[in-house]
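The next block holds one structure in the form of structure tokens; read it before the comments.
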Amino acid sequence: MNGVRGESMSECIFCKIVSGEIPSNMVYEDETVYAFYDNNPQAPVHILFIPKQHIASTSEINKENSSVVADIFEAIAVAANELNLDEGYRVVSNCGRQAQQSVPHLHFHVLAGRDMTWPPG
Ligand code: 5GP
Ligand code: ZN
């Protein structure tokens with residue numbers, strides 16, 4: 001299965017992070033979910049939660065693979081408690097060109113540690 005822009009899973013940087021081929025700063029891991037610090041943080045706390053399985057974006061979530069989305073949100077709750085994000089946090093998933101998705105492997109940004117604005121840019 002190919003991701004958006006025809007990128008194969010073997011070329012996907014987040015698949016390489018899951019396999020350990022590209023190093024990352026791990027925050028959380030279980031059977032289906034991996035979370036690590038974003039290397040270009042947009043807030044004092046900026047974590048990416050990804051499925052270990054390659055799914056290109058929110059547009060490729062379906063009946064067969066959607067249970068991992070629940071797994072990810074359970075993982076977010078665990079990590080938010082462990083990291084004491086008591087003041088709140090924002091969960092964002094950019095999908096496609098207009099939303100400026102830059103990595104075609106489904107990911108949920110968790111941003112925390114500062115006041116956010118709304119609407120987002
Ligand atoms: P997007 O723009 O697709 O919503 O988010 C992709 C995110 O991945 C960006 O915030 C970017 O900083 C982060 N990112 C891209 N490559 C790497 C990497 O190799 N390591 C880490 N830790 N983050 C990355
Ligand atoms: Zn991937």
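Just so you know, these numbers come straight off a predicted model, no measurement behind them. Each ligand, and each atom within it, is numbered from 1 in the order the structure gives.
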Residues, nucleotides or ligands: over 12 heavy atoms within 6.0 Å of N62 CG: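 More than 12 heavy atoms, drawn from other residues, nucleotides or ligands, come within 6.0 Å of this atom.
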Quick check: does any side chain N or O of K52 sit under 3.5 Å from a backbone N or O of C15, one acting as donor and the other as acceptor?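 Absent.
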If only atom types and distance count, is the side chain of E82 paired as donor or acceptor with the main-chain N or O of A80 below 3.5 Å?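 No: the side chain of E82 does not pair with the backbone of A80.
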Ligand 1: protein residues within heavy-atom distance under 4.0 Å: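 Its neighbours under 4.0 Å (heavy atoms only) are I13, F14, I17, F36, Y37, D38, N39, N40, L48, N94, Q100, Q101, S102, V103, H107, H109, given by chain and number.
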Looking at H105, which of its N, O or S atoms is the nearest one to the Zn ion (ligand 2)?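 Within H105, restricted to N, O or S, the Zn ion (ligand 2) is closest to atom ND1.
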Nearest to the Zn ion (ligand 2) - the N/O/S atom of H54, by atom name: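 This turns out to be ND1.
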Evaluate the criterion side-chain contact (heavy atoms from CB on, under 4.5 Å) for residue pair I13 and V103; output intermediate values, then yes/no. CA-CA 8 Å; I13 57 171; V103 178; 3.8 Å; yes
Before we go on, tell me: are the rings of H107 and H109 under 6.0 Å apart, centre to centre?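 Ring centroids of H107 and H109 are less than 6.0 Å from each other.
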What do you reckon, are the aromatic ring centroids of F73 and F108 less than 6.0 Å apart?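 Distance test on ring centres: under 6.0 Å, yes.
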Looking at K16 and E11, is there a salt bridge between them, counting it only when a charged N and a carboxylate O are closer than 4.0 Å?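 Salt bridge absent between E11 and K16.
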